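Input: a single structure, listed below in structure tokens.
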Protein chains: 2
Amino acid sequence: MSRNNAGLSTERIVTEALHIIDGLGLGKLTMRRLGDALQVEAMAIYHHFPLGKEQLFDAIVEFITDADRIRAEAAAADADAEPDGTEPDEPAPDNRPWDQRLRSWAADYRTALLRHSGALTLIINRRPDTEPALRALELHCAAFEEAGLRGAAVLDAAAALDSYVTGAVIHQVRATSIATPDAPRPDGRFPHVVALRAAQSPDAVDHDARFGAGLDALLAGVTAAPGHR
Amino acid sequence: MSRNNAGLSTERIVTEALHIIDGLGLGKLTMRRLGDALQVEAMAIYHHFPLGKEQLFDAIVEFITDADRIRAEAAAADADAEPDGTEPDEPAPDNRPWDQRLRSWAADYRTALLRHSGALTLIINRRPDTEPALRALELHCAAFEEAGLRGAAVLDAAAALDSYVTGAVIHQVRATSIATPDAPRPDGRFPHVVALRAAQSPDAVDHDARFGAGLDALLAGVTAAPGHR
DNA sequence: ACCTGAACACCGTTCAAGT
DNA sequence: ACCTGAACACCGTTCAAGT
């Protein structure tokens, strides 16, 4: 066998990089380690990502936030009793009401971010004009117009929705991260926190329900407001 | 002069590190570069942060999100016509209604994050049980109880508020980051986006107004909901 | 206690070379 | 076109040593 043509591809590289991030953390993602995992010299990666690690990071973010791929994977898992060789059809238009479309998008996006929480710091630098981002924005704008918003209020609502979902994932990842041993336990200076945590331990929080409650509140709030600001 | 006792302190180190982050970006914050800026060997930093760079990162995050220091600085700038040597008094209790307290907190926190947007990736890993974090949570819980919420709904509302503010800063930093030259311009596949951007260019967005609108919507939504979920 | 200086085990990336 | 291998300029961190 030849040492060339090791069958490298951008998708294989991104998948393996994500595997390292999920397993060892973002800090352990090294070009050399990634090369080892791919059974290739580290420098071979630069042929597929000439701009280096930053470009690889961008590709990872696009991969994680590619809603179409996520939906296709879910559909393939559902329809495994239909093993014909046909390509997946053009995705059927979603005819449900605006709020159900937004709730589905939010749930899917949140799931994708949580599944790869080790890459969250990369998501922060996500380019707003990438194709998956524009596709999500288009979905949001169409939904909020159907809800009755117009003009700047539509874009404001879309921004608020994206902000909430991103922030909620960060909040949850923080809350479920391993506690530092020397952390100050809430004492008399924080009476409300103490009382509320006595009723509900931080470890017992239902993050899915909390996320849904906040999302409902946000959607109700942005669509109840007058159409202009 | 001796080569020892260079006057290093954790505060000086953190301040200088933040200066490098603001000026050159987080990626350029190096122990060696930080040492140069402090006129000291890089290894001297380890005497004040024995756990290394991660510990320094935590200190930077605490510094940025220390609401008390921010408020004290603002107060000192206001009261510069009162140059007596007295220490700043115990902060007066804020007797305004719950929503004004939350709006002030949100504005201050957002300002602090935006001022050091290069450190945003560090903020993601912010420990939820640090003292500034608990202080903010206490403020949130007291306000939402005053608004009529009870039990889990109070903590849910506090989580939603923190999520929104954090996410909104990330959204804004993304939106105002330099555009990639090869970014796909919105075309016929994104009709709503195209139409809305024709009316309001992305560069013309009033991010302060947008933030306020979303915050108002969120506060209205979480307090309009029934007290339990 | 506080800082120095050399050393170690890594990094990302460039570049010429191989097939 | 696709990959290798050596090399360069860095990193974070350890450790013994200085004062």
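Chain identifiers are assigned alphabetically (A, B, ...) following the order of the sequence lines, protein sequences preceding nucleic acid strands; residue numbering begins at 1 within each chain. Quick caveat, the model's predicted, so the values are computed rather than measured.
- Nucleotide C/dC2 holds its P atom 14 Å from the CZ atom of B/R12, rounded to whole Å.
- In terms of the salt bridge (charged side-chain N to carboxylate O under 4.0 Å, His left out) criterion, B/D36 has no residue partners (sequence neighbours excluded).
- Put simply, CG on B/L8 is 13 Å from C1' on C/dT4, counting in whole angstrom units.
- What separates CD of A/E41 from P of C/dT19 is a distance of 15 Å, to the nearest Å.
- If you measure from atom CD1 of B/I45 to atom C1' of C/dT4, you get 13 Å, rounded to the nearest angstrom.
- Secondary structure note: stems in DNA chain C built from 3 or more consecutive Watson-Crick or G-U wobble pairs under 3.5 Å occupy C:4-8 with D:12-16, C:12-16 with D:4-8.
- Annotation: salt bridge (charged side-chain N to carboxylate O under 4.0 Å, His left out) contacts of B/R189 (sequence neighbours excluded): A/E131, B/D187.
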Check: residues 16-29 of chain B side-chain donor-acceptor pairs under 3.5 Å, at least two apart:
| residue | atom | partner | partner atom | Å |
| --- | --- | --- | --- | --- |
| B/D22 | OD1 | B/H116 | ND1 | 3.1 |
| B/D22 | OD2 | B/H116 | ND1 | 2.8 |

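- Partners of B/Y109 according to the ring-ring contact (aromatic ring centres under 6.0 Å, His included) rule, which considers only residues two or more places apart in sequence or in another chain, are B/W105.
- Residues meeting the ring-ring contact (aromatic ring centres under 6.0 Å, His included) test with B/F144, sequence neighbours left out: none.
- Pairs engaging residues 160-185 of chain B under the ring pair (Phe, Tyr, Trp, His ring centres under 6.0 Å) rule: B/Y164-B/F211 [sequence neighbours left out].
- Listed nucleotides D/dG5, D/dT13, D/dC3 differ in distance to B/Y46; the shortest reach to its side chain belongs to D/dT13.
- Remark: of the listed residues B/I170, B/T176, B/V173, B/V169, B/V173 is the sole one forming a side chain to side chain contact (heavy atoms under 4.5 Å, CB included) with B/S117.
- Listed by residue number, A/H47, A/H48 are the residues of residues 47-57 of chain A with a heavy-atom contact under 4.0 Å to DNA chain D.
- Interface residues of residues 22-35 of chain A facing DNA chain D, ordered by number: A/R32; criterion, heavy-atom separation under 4.0 Å.
- Between A/R210 and B/D156 there is a salt bridge, with a side-chain nitrogen of the basic residue lying less than 4.0 Å from a carboxylate oxygen of the acidic one.
- For the salt bridge (charged side-chain N to carboxylate O under 4.0 Å, His left out) test, residues two or more places apart in sequence or in another chain that qualify with A/R103 are A/D99, A/D216.
- Of the candidates C/dC3, C/dA6, D/dG5, the closest approach to any side-chain atom of B/M43 belongs to C/dA6.
- Looking at residues two or more places apart in sequence or on another chain, you find no salt bridge (charged side-chain N to carboxylate O under 4.0 Å, His left out) involving A/D203.
- Qualifying side-chain contact (heavy atoms from CB on, under 4.5 Å) partners for B/T111, counting only residues two or more places apart in sequence or in other chains: B/R115.
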